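Only a predicted model underlies this, so the values are computations on that prediction, with no experimental measurement involved. For ligands, and for the atoms within them, numbers begin at 1 and follow the listed sequence.
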Amino acid sequence: MECWNNGITGILPGGYVDETGIVHQEAQLTPLTGKEEELLAQSRRQESASLVTNVLSRCLKRLGPIEPVPEEVVRCLLIADRQYLLLKLREMTFGERVQASVSCPWPDCREKVDINFSIKDIPIKESLEKGPFYKMELSPEAAFKSDNQEDYREIVFRLPNGGDQELVSPLLAENEALALSMLLERCIVEIGPVKNPGKELVDKLSPLARMEIEKHMAAAAPYVELDMEAHCPECGREFTLPFDLYHFFFGELRTSLDMLYREVHYLAYHYHWSEQEIMDMTREKRHKYIEVLADEIERMNNAVS
Ligand SMILES: [Zn+2]
């Protein structure tokens with residue numbers, strides 16, 4: 001957090017495995033400028049997964065030795081890695097504190113509860129094995145019955161990434177079961193001796209087999225804990241609060257679009273800089289100039305009186 005111009009460096013909990021098998025975990029992020037703030041604040045209709053790809057492509061400056069980072073690489077990042085980067089970006093743009101107000105979920109209470117936590121306190125679990133492919137064995141009961149009555153128990157899968165999320169997330173709200181099936185079709189790369197089994201074979205896996213595969217996937221994946229324990233001071237009970245990171249992050253940017261334009265106007269008016277120049281600044285820098293300007297105006301007012 002020290003050096004604003006070069007951004008911050010973080011360690012991805014999963015990491016990007018390049019085509020030679022090397023894992024890259026060191027990620028350097030630059031802060032959003034007014035341009036990205038505007039772009040994101042305006043893209044209301046975009047699915048949040050493609051929005052995440054969009055914003056990370058602009059702000060992920062370096063990944064290990066990869067610089068610049070192509071959009072395709074951002075799309076290949078695991079879901080938890082993308083969540084981690086978004087958290088870091090949130091921290092750089094708005095600070096580490098998160099303040100929100102929710103309703104207590106207990107039906108007999110429903111009181112307003114203030115939530116206040118630091119992004120730094122969100123638990124992050126690193127993946128032990130980096131893949132990109134994972135082998136597992138189904139239990140005998142869950143074995144896949146092939147057309148020639150053979151039992152296939154060996155499964156090879158990869159973990160869901162941003163590209164999967166982009167394709168699946170529009171479906172998720174309408175038909176969760178279908179969305180999960182689609183995700184499995186994409187992530188299961190071998191069933192027994194069959195490579196790239198595709199929809200037809202993956203659909204034939206029993207519910208037990210799917211459950212076992214999903215369990216292995218969850219255990220192998222890195223993880224960002226976005227479910228938080230909260231306490232209602234009114235009724236004294238605990239509840240779990242799912243922290244909707246995407247909604248929260250993009251929601252904050254959206255509400256501030258009006259403010260962004262007013263800040264640009266204010267700086268253009270006093271400094272005569274072009275809109276382009278001001279929009280290229282980071283939020284931090286913009287706010288520094290506004291502060292300096294406010295001090296200056298106050299000093300001049302005092303001198304006059
Ligand atoms: Zn309560």
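With respect to L56, the side-chain contact (heavy atoms from CB on, under 4.5 Å) criterion is satisfied by exactly one of D81, L85, V69: L85.
Between Y261 and H265, a ring centre-to-centre spacing not shorter than 6.0 Å is recorded.
Around the Zn ion (ligand 1), the protein N, O or S atoms closer than 2.8 Å are C104 SG, C109 SG, C232 SG, C235 SG, listed by chain and residue number.
Counting heavy-atom neighbours within 6.0 Å of E137 CD, excluding the residue itself, gives a total above 12.
The two residues R237 and W106 have their closest heavy-atom pair at NH2-CB, 3.4 Å.
Linking ILVMFWY side-chain heavy atoms closer than 4.5 Å, directly or via other members, places L12 and Y223 in two distinct hydrophobic clusters.
Residues K112 and E234 are not paired through a salt bridge, judged by the lack of any N-O separation under 4.0 Å between the basic side chain and the carboxylate.
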